[in-house]
Amino acid sequence: MKSIDISEYKVTSKIAIKESNTFVDLEADEKAIEDALEETREQLGELQDTLYAHGKYAVLVCLQGMDAAGKDSLIREVFKDFNARGVVVHSFKVPTELEKKHDFLWRHYIALPARGKFGVFNRTHYENVLVTRVHPEYIMGENIPHINGVEDIDDKFWDKRFEQINNFEETIADNGTIIFKFFLNLSKEEQKNRQLRRLHKTSKNWKFSAGDLDERDLWSDYMRCYEDILNRTSKPHAPWYVIPSDDKPSARLTVASIMLQELQKYTDIKEPELDDKTKARIDEFIARLESE
């Protein structure tokens with residue numbers, strides 16, 4: 001099987017989405033890829049236990065992609081071997097009335113993982129420079145001072161919002177959150193195939209919405225906004241990874257492998273040791289228990 005080289009996926013310079021792969025050949029069949037994923041996620045599960053015991057870092061995993069890119073199934077398969085108490089998944093939908101009474105980052109701040117835990121954002125704070133940019137009229141629902149009409153939402157508005165997102169990520173990174181941002185790069189043709197499967201297979205009908213087709217018609221607009229996001233917000237402390245996602249098993253293994261390789265670099269993440277006094281009495285404690 002082809003080894004997964006992080007540098008092939010990490011955004012470190014300006015990129016064009018149309019030149020980015022939506023399919024990667026890992027030179028292995030599906031069974032081999034699934035076996036490799038199982039081994040990788042077991043290692044991630046063990047690392048999560050150590051991270052939990054260490055208690056000084058949190059891990060935030062951000063997933064973005066077009067409808068049917070495979071976000072839900074990726075979460076299910078990659079985090080399958082995690083201890084349930086150590087990982088929390090948040091799926092961000094249309095903001096509620098309460099959320100709209102706060103700044104756009106508020107609902108993401110309060111969902112951040114605590115130290116020792118993993119947090120997974122299924123759709124993220126980037127929806128605020130993605131969907132709202134494709135549909136700027138949505139901004140009006142935030143009731144922001146001095147924004148009285150769509151005509152007030154100019155380039156300076158978006159520049160400021162990008163700056164706020166970069167500052168948000170820098171702040172949490174400086175305070176111990178390890179950030180992974182994955183863009184699941186799906187081709188328009190593969191999205192069509194997956195949406196058709198949802199319609200043809202009765203058990204999958206619930207996943208389909210007529211609005212999905214309306215958003216598909218805006219594919220070029222979304223790709224333009226995604227490209228801007230990747231180029232303006234991939235930072236050393238919060239890098240983007242562009243994951244070819246036309247093949248779901250390969251995408252899952254790629255994401256899991258990147259996470260494992262990067263987290264293994266944090267050699268200070270170790271289980272805490274007992275204090276010297278307690279260690280000196282271990283034989284005494286064993287004898288006490290065995291004598292019961």
Visitor: Carefully, step by step, assess Ile33 and Met1 under the rule side-chain contact (heavy atoms from CB on, under 4.5 Å).
Guide: CA-CA 8 Å; Ile33 291 172; Met1 182 184 297; 4.1 Å; yes

Visitor: If every non-hydrogen atom of Ile179 is compared with every non-hydrogen atom of Ala173, which pair is closest and at what distance?
Guide: CD1-CB, 4.2 Å

Visitor: Taking the six-membered ring for Trp and the single ring otherwise, decide whether the centroids of Phe104 and His125 are under 6.0 Å apart.
Guide: no

Visitor: Could you check whether atom CD of Gln264 has more than 12 heavy atoms from other residues, nucleotides or ligands sitting under 6.0 Å from it?
Guide: yes

Visitor: Taking atom NZ of Lys56 as the centre, report whether more than 12 heavy atoms of other residues, nucleotides or ligands fall under 6.0 Å from it.
Guide: no

Visitor: Listed by chain and number, what are the side chain to side chain donor-acceptor pair (under 3.5 Å) partners of Asp268, not counting sequence neighbours?
Guide: Tyr57

Visitor: Please determine if Lys160 and Asp154 form a salt bridge, counting it only when a charged side-chain N lies under 4.0 Å from a carboxylate O.
Guide: no

Visitor: Are side-chain heavy atoms of Phe23 and Asp25 found at a separation under 4.5 Å?
Guide: yes

Visitor: Carefully, step by step, assess Thr124 and Gln64 under the rule side chain to side chain donor-acceptor pair (under 3.5 Å).
Guide: CA-CA 7 Å; Thr124 72; Gln64 284 286 162; 2.7 Å; yes

Visitor: In chain order, what residues pass the salt bridge (charged side-chain N to carboxylate O under 4.0 Å, His left out) check against Asp212, with sequence neighbours excluded?
Guide: none

Visitor: Under the salt bridge (Lys or Arg N to Asp or Glu O under 4.0 Å) definition, can you give me all pairs with a residue in residues 94-105, not counting sequence neighbours?
Guide: Glu97-Lys100, Glu99-Arg107

Visitor: So which atom in Ile144 and which in Arg161 form the shortest heavy-atom distance, rounded to 0.1 Å?
Guide: CD1-NH2, 3.7 Å

Visitor: Taking the six-membered ring for Trp, are the ring centroids of Phe180 and Trp240 within less than 6.0 Å of each other?
Guide: no

Visitor: Kindly work out whether a path of hydrophobic side-chain contacts (I/L/V/M/F/W/Y, heavy atoms less than 4.5 Å apart) joins Met259 to Ile178.
Guide: yes

Visitor: Which pair of non-hydrogen atoms, one from Asp29 and one from Ala32, has the smallest distance, and what is that distance?
Guide: OD1-N, 2.8 Å

Visitor: For Pro113 and Gly119, which heavy atoms make the closest approach, and how far apart are they?
Guide: CB-N, 3.5 Å

Visitor: Sequence neighbours left out, what passes salt bridge (charged side-chain N to carboxylate O under 4.0 Å, His left out) with Arg133? Give chain and number order.
Guide: Asp228

Visitor: With hydrophobic residues grouped by side-chain heavy-atom distances under 4.5 Å, do Ile153 and Leu218 end up in a single group?
Guide: yes

Visitor: For Glu46 and Thr50, run side-chain contact (heavy atoms from CB on, under 4.5 Å): C-alpha distance rounded to whole Å, both residues' side-chain angles, the deciding distance at 0.1 Å, then the answer.
Guide: CA-CA 7 Å; Glu46 292 172 0; Thr50 305; 5.8 Å; no

Visitor: Hey, could you give me each pair passing side chain to side chain donor-acceptor pair (under 3.5 Å) that has a residue in residues 245-254? Not counting sequence neighbours.
Guide: Thr22-Asp246, Ser73-Arg252, Ser187-Asp246, Asp247-Ser250

Visitor: Applying salt bridge (Lys or Arg N to Asp or Glu O under 4.0 Å) between Glu169 and each of Lys181, Lys235, Arg232, report the one that passes.
Guide: Lys181

Visitor: Start with the C-alpha gap between Glu190 and Arg197, add the side-chain angles, then the distance that decides, and say whether salt bridge (Lys or Arg N to Asp or Glu O under 4.0 Å) holds.
Guide: CA-CA 11 Å; Glu190 179 59 21; Arg197 283 197 292 273; 3.5 Å; yes

Visitor: According to a hydrophobic-cluster definition based on side-chain heavy atoms being under 4.5 Å apart (Ile, Leu, Val, Met, Phe, Trp, Tyr only), do Val131 and Phe157 belong together?
Guide: yes

Visitor: Between Glu262 and Lys265, does any side-chain N to carboxylate O distance fall below 4.0 Å?
Guide: yes

Visitor: Please report the interatomic distance NE2(His108) to CG(Leu60), rounded to the nearest 0.5 Å.
Guide: 10.5 Å

Visitor: Is Tyr222 reaching over with its side chain to a backbone N or O of Glu215, donor-acceptor style, under 3.5 angstrom?
Guide: no

Visitor: Under a single-linkage definition using a 4.5 Å side-chain heavy-atom cutoff for Ile, Leu, Val, Met, Phe, Trp and Tyr, are Val89 and Leu184 assigned to the same hydrophobic cluster?
Guide: yes

Visitor: Answer yes if the ring centres of Phe168 and Tyr109 are under 6.0 angstrom apart, and no otherwise.
Guide: yes

Visitor: Would you sort out whether Leu37 and Glu34 count as a side-chain contact (heavy atoms from CB on, under 4.5 Å), showing the intermediate values?
Guide: CA-CA 5 Å; Leu37 174 60; Glu34 289 176 350; 5.5 Å; no

Visitor: Using only atom types and a distance under 3.5 Å, with no angle test, would you say the side chain of Thr278 pairs donor to acceptor with the backbone of Leu274?
Guide: no

Visitor: A side-chain contact here means heavy atoms from C-beta on lying under 4.5 Å apart; do Lys188 and Arg216 qualify?
Guide: yes

Visitor: Under a 4.0 Å threshold between the charged nitrogen and the carboxylate oxygen, would Glu284 count as salt-bridged to Lys277?
Guide: no

Visitor: What pairs meet the salt bridge (Lys or Arg N to Asp or Glu O under 4.0 Å) rule with one or both residues in residues 7-18, with sequence neighbours excluded?
Guide: Lys2-Glu8

Visitor: Run through Gln191, Gln195, Lys207 and flag the one making a side chain to side chain donor-acceptor pair (under 3.5 Å) with Asp67.
Guide: Gln195

Visitor: Would you confirm whether Gln48, through its side chain, and Phe118, through its main-chain N or O, come within 3.5 Å as a donor-acceptor pair?
Guide: no

Visitor: Can you get from Ile243 to Leu63 by hopping between Ile, Leu, Val, Met, Phe, Trp and Tyr side chains that sit under 4.5 Å apart?
Guide: yes

Visitor: Please answer whether the main-chain N or O of Gly149 pairs with a side-chain N or O of Asp152 as donor and acceptor at a distance below 3.5 Å.
Guide: yes

Visitor: Could you label the plane-to-plane angle of the Phe82 and Phe79 rings as parallel, tilted or perpendicular, counting under 30° as parallel and over 60° as perpendicular?
Guide: perpendicular

Visitor: Is the closest basic N to carboxylate O distance between Asp275 and Lys279 below 4.0 Å?
Guide: no

Visitor: Any donor-acceptor pair under 3.5 Å linking the side chain of Arg115 with the backbone of Leu51?
Guide: no

Visitor: Of all the heavy-atom pairs spanning Val242 and Pro244, show the shortest one and how long it is.
Guide: O-CD, 3.5 Å

Visitor: Just do the side-chain contact (heavy atoms from CB on, under 4.5 Å) check on Phe121 and Leu112 with the steps written out, would you?
Guide: CA-CA 9 Å; Phe121 284 4; Leu112 288 171; 4.1 Å; yes

Visitor: Of the non-hydrogen atoms in Cys225 and Val134, which two are nearest, and what is the gap between them?
Guide: SG-CG2, 4.0 Å

Visitor: Show your reasoning for whether salt bridge (Lys or Arg N to Asp or Glu O under 4.0 Å) applies to Asp72 and Arg76.
Guide: CA-CA 6 Å; Asp72 291 336; Arg76 182 187 67 236; over 6 Å; no

Visitor: Would you check if the distance from the ring center of Tyr241 to the ring center of Phe183 is below 6.0 Å?
Guide: no

Visitor: Output yes when Glu77 and Arg41 qualify as a salt bridge under the 4.0 Å nitrogen-oxygen rule, no when they do not.
Guide: yes

Visitor: Do side-chain atoms of Ser257 reach the backbone of Leu253 as a donor and acceptor pair under 3.5 angstrom?
Guide: yes

Visitor: Might you work through the side chain to side chain donor-acceptor pair (under 3.5 Å) test for Asn21 and Asn185, ending with a clear yes or no?
Guide: CA-CA 7 Å; Asn21 293 329; Asn185 193 22; over 6 Å; no

